[in-house]
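Inspection log for the structure reproduced underneath, given as structure tokens.
First the proteins, then the strands, lettered A, B, ... as listed; each starts at 1. We use all heavy atoms of the structure for the numbers below, so side chains are in, but hydrogens, waters and symmetry mates are not.
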4 protein chains.
Amino acid sequence: MRARTFTESGRRAQIVTAAIEVIAEDGYARASFSRIAKQAGLSSTGMISYHFAGKDDLLTACVGEIEQVMRAFMEPRIDAAVGHVAQLRAYVESNVDMVGEHPAAVRALIDLVKNAGSQSAAVNGRLDLFEEHFRTGQAAGAFRRFDSRTMALACAAGIDAVVATMAAAPPGAEELTRLGRELAEAYVRATAPDVEGEE
Amino acid sequence: MRARTFTESGRRAQIVTAAIEVIAEDGYARASFSRIAKQAGLSSTGMISYHFAGKDDLLTACVGEIEQVMRAFMEPRIDAAVGHVAQLRAYVESNVDMVGEHPAAVRALIDLVKNAGSQSAAVNGRLDLFEEHFRTGQAAGAFRRFDSRTMALACAAGIDAVVATMAAAPPGAEELTRLGRELAEAYVRATAPDVEGEE
Amino acid sequence: MRARTFTESGRRAQIVTAAIEVIAEDGYARASFSRIAKQAGLSSTGMISYHFAGKDDLLTACVGEIEQVMRAFMEPRIDAAVGHVAQLRAYVESNVDMVGEHPAAVRALIDLVKNAGSQSAAVNGRLDLFEEHFRTGQAAGAFRRFDSRTMALACAAGIDAVVATMAAAPPGAEELTRLGRELAEAYVRATAPDVEGEE
Amino acid sequence: MRARTFTESGRRAQIVTAAIEVIAEDGYARASFSRIAKQAGLSSTGMISYHFAGKDDLLTACVGEIEQVMRAFMEPRIDAAVGHVAQLRAYVESNVDMVGEHPAAVRALIDLVKNAGSQSAAVNGRLDLFEEHFRTGQAAGAFRRFDSRTMALACAAGIDAVVATMAAAPPGAEELTRLGRELAEAYVRATAPDVEGEE
DNA sequence: AATGAATGAGTGTTCATTCAT
DNA sequence: AATGAATGAACACTCATTCAT
């Protein structure tokens, strides 16, 4: 694998940024090479094909870029939380807060997940993470017994839906935080043990 | 609004059926007029344009058709339930059970909602229904206080995600029923009042 | 398999004709849909895709059309000949005479054979025919012993080369006939038995 | 004409070799600069344009290279033969034998001749050689009277066709030699005088 | 009511070539 | 001498829609 020159990295980044913008604004379905090229200020779609192996390659790069942004924003807050329940709360709340910081990235990611979701390792990775978290939490007594895969699906999708709706018309930061807390509370209650025996 | 002749209604229904099949099998993105025409046994796409004002019109008709099927299946079960909580449970469980009865319709609807969702009155209608149910339930003391719109979003999306995953590889009827109960339980707990004082 | 309307047959024929002309004039490599569309007086390449399943389909139709023309011209003369040697002569001579009657068809066919040859059933069909003719001729004592496949290859290719060269700059009819006789004579001699014992 | 530096000659040779490999493996039509660059281990097609005036220039260089290889292989055998007939035999046989020694070169050359043939001086040079050989042979009484150009065309094309077929799936050396002798015999008979009066 | 031919913009991708560095 | 970024035309093909019949 060869190293990338500065210029190439720059162009790739520029194209990825443009692609994310287009997806966020016009939707996945309208994110054609020509729209992306126009958004990036490129004179032809050939440039995109020159820098990316194909549409899948570009889209994958977009997902990767967005996830990096999200991780940088969310991970510190999740890691700062102690216990399975607090971490679940931190995940949901920081995910919702993302809308205030990077609304375009959030909108684009959700559209990408919806449309190229099932193939993507990254997307299934998130589900696996959720599931794993629920499973270990159950073992620790932090969560009641339930089908962890089903709950993971419902959580991830619910968060995405709420976030997508907000990203379409971002409310103020406080409102965002409030709704994030509400959503987190819902999932905490949905998964809480019948009798309090927290870890 | 003029009345429709029998043949026109027949043709429309035939095309809608074909479109739903195509969306269920090949996905929304591949549901072009030509594929639909082929599925319907029509020799040209002109027929479709003749009977529908445009692609949106056809897609709307598909959503309507599927919702009619869903309503016929779910409504009796929901109406049979007494109380806001029981009705929520009935909604979720009967929705999941749909997968066993009409997997193609379910798969198509979810794809339609994902892709043409925000514009569709029908889709937003479901959300409104959820929201209204939560609101009146809160007034009746069946649900705790929460933002009803956010909860509606999270519920609808969570159900869709679970259903979509199941529709892709439908499990047996019993497993379906069990997972439906689990999912319903989650939302019941998420919305339950802190102190039991059911209506 | 559905019947074709008159108009469709007409368009198909028109496109095939245009394609043959383009191949004859500009060569197989330059025979793009846009050139063919222009030659046919069509406003877009979409028309071609509308009438043909793909480029292969169009090219196959071209080969079929040309072979029909050739068969109509050559078959009577070959059938009129008696004996394996006379038929070989008739084949070669009538093939060469084709150049005078349908130079474009000949040029196009040779280019098609060169470029899409090995896949084509029609092309291999000709080789099989040659081989079979040599084999039965050998059994009848009309030809000496030799590897019939190799001879078939050499004959077919030799004829094509001579014909292609002539088609590029067609000589007069008499010159054509003379050269056809010469070429036929060469293959007759190449295949003749050592001792005269004609069937 | 300026002298070439060592590195430039080296690069040219490297590219020519890669081009021949690509043509032999993927065919003339797929032999794009990018494929050739990849085969040569170059990072960009710019290198090729830098060292060659254009695609024609590169292709011409390929033809030249292959012909040099062929000449080195065939010329000694042809020169060792005495008399026009023996030399014709030696030409055909050694050409067929090439398949066993340099199958890639043979395959590439034939593809090049087919596609860039008529423009190439090298290709026409071979025809001229054949024609000249026939003409002087006729004067010497080694060959009968026939149109030497037509015979040259038929011979060259026939040999190419046989060789191309063999190169696609090279048989063993003995089989090769046998078929080479058969083919040579065919042309010797096709050109032999009616009465034996060899030089 | 119905058809199938036609349209023309649009898709992603590849091409040989140019050019500043 | 060498590079890799850039170009823009070309490629086959699909799309939803229109329209005369």
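Donor-acceptor pairing under 3.5 Å, judged by distance alone, is present between the side chain of C/Y50 and the base of E/dA5. Remark: the B/S34 side chain and the F/dT14 base include no donor-acceptor N/O pair separated by less than 3.5 Å.
Distances were taken from every side-chain heavy atom of A/R11 (C-beta onward) to each of E/dA16, E/dA6, F/dA6; the shortest belongs to F/dA6. For C/S44, counting side-chain heavy atoms from C-beta on, the closest listed nucleotide (E/dT17, E/dG8, F/dA5) is E/dG8. Looking at the side chain of D/S32, the nearest of the listed nucleotides F/dT3, E/dC15, F/dG8 is E/dC15. Of the candidate nucleotides E/dT17, E/dT11, E/dG4, E/dT17 has the atom nearest to the side chain of D/T45. The nucleotide whose nearest atom lies closest to any side-chain atom of B/F33 is, among F/dA16, F/dT7, E/dT7, F/dA16.
F/dC13 atom C1' lies 19 Å from atom CZ of C/R35, rounded to whole Å. In this structure, the CG atom of D/D57 is 14 Å from the P atom of E/dA16, given to the nearest Å. At whole-Å resolution of the value, CZ in B/R30 and C1' in F/dA16 are 17 Å apart. Whole-Å rounding puts the D/K38 NZ to F/dG4 P distance at 15 Å. Residue D/I15 contributes atom CD1, which lies 10 Å from atom P of F/dT3 at whole-angstrom precision. Distance C/L58 CG to F/dC13 P: 10 Å, rounded to the nearest Å. Residue D/I36 contributes atom CD1, which lies 11 Å from atom P of E/dT17 at whole-angstrom precision. For the pair A/D56 CG and E/dG12 C1', the interatomic distance rounds to 11 Å; values are reported in whole Å.
For the pair A/S43 and C/A53, both in contact range of DNA chain F, the more 5′-proximal nearest nucleotide belongs to A/S43. For the pair A/S49 and C/G46, both in contact range of DNA chain E, the more 5′-proximal nearest nucleotide belongs to C/G46. Of the two residues near DNA chain E, C/L42 and D/M47, the one whose nearest nucleotide lies more 5' is C/L42.
Here F/dA2 sits opposite E/dT21 as a Watson-Crick or G-U wobble pair (both hydrogen-bonding atom distances under 3.5 Å). Nucleotide E/dT14 forms a Watson-Crick or G-U wobble pair with F/dA9, both donor-acceptor distances falling under 3.5 Å. Pair check for F/dT14 finds E/dA9; Watson-Crick or G-U wobble, both atom distances under 3.5 Å.
With hydrogens and angles ignored, the 3.5 Å screen pairs no side-chain donor or acceptor of B/D160 with any backbone N or O of B/I110. Using a distance-only test at 3.5 Å, with no hydrogens or angles considered, a donor-acceptor pair links the side chain of A/R12 to the main chain of A/H51. Side-chain atoms of B/Q14 come within 3.5 Å of backbone N or O of B/A40 as a donor-acceptor pair.
In plain terms, the two heavy atoms of D/G54 and D/F33 that are nearest each other are C-CZ, 4.3 Å.
By the 6.0 Å contact criterion, CD on C/Q68 is open, its count of non-hydrogen atoms from other residues, nucleotides or ligands being 12 or less.
Residues A/R11 and A/L42 have side chains in contact (heavy-atom distance under 4.5 Å, counting atoms from C-beta outward).
Contact annotation: C/H51 reaches the phosphate of E/dA6 (side-chain N/O to OP1 or OP2, under 4.0 Å).
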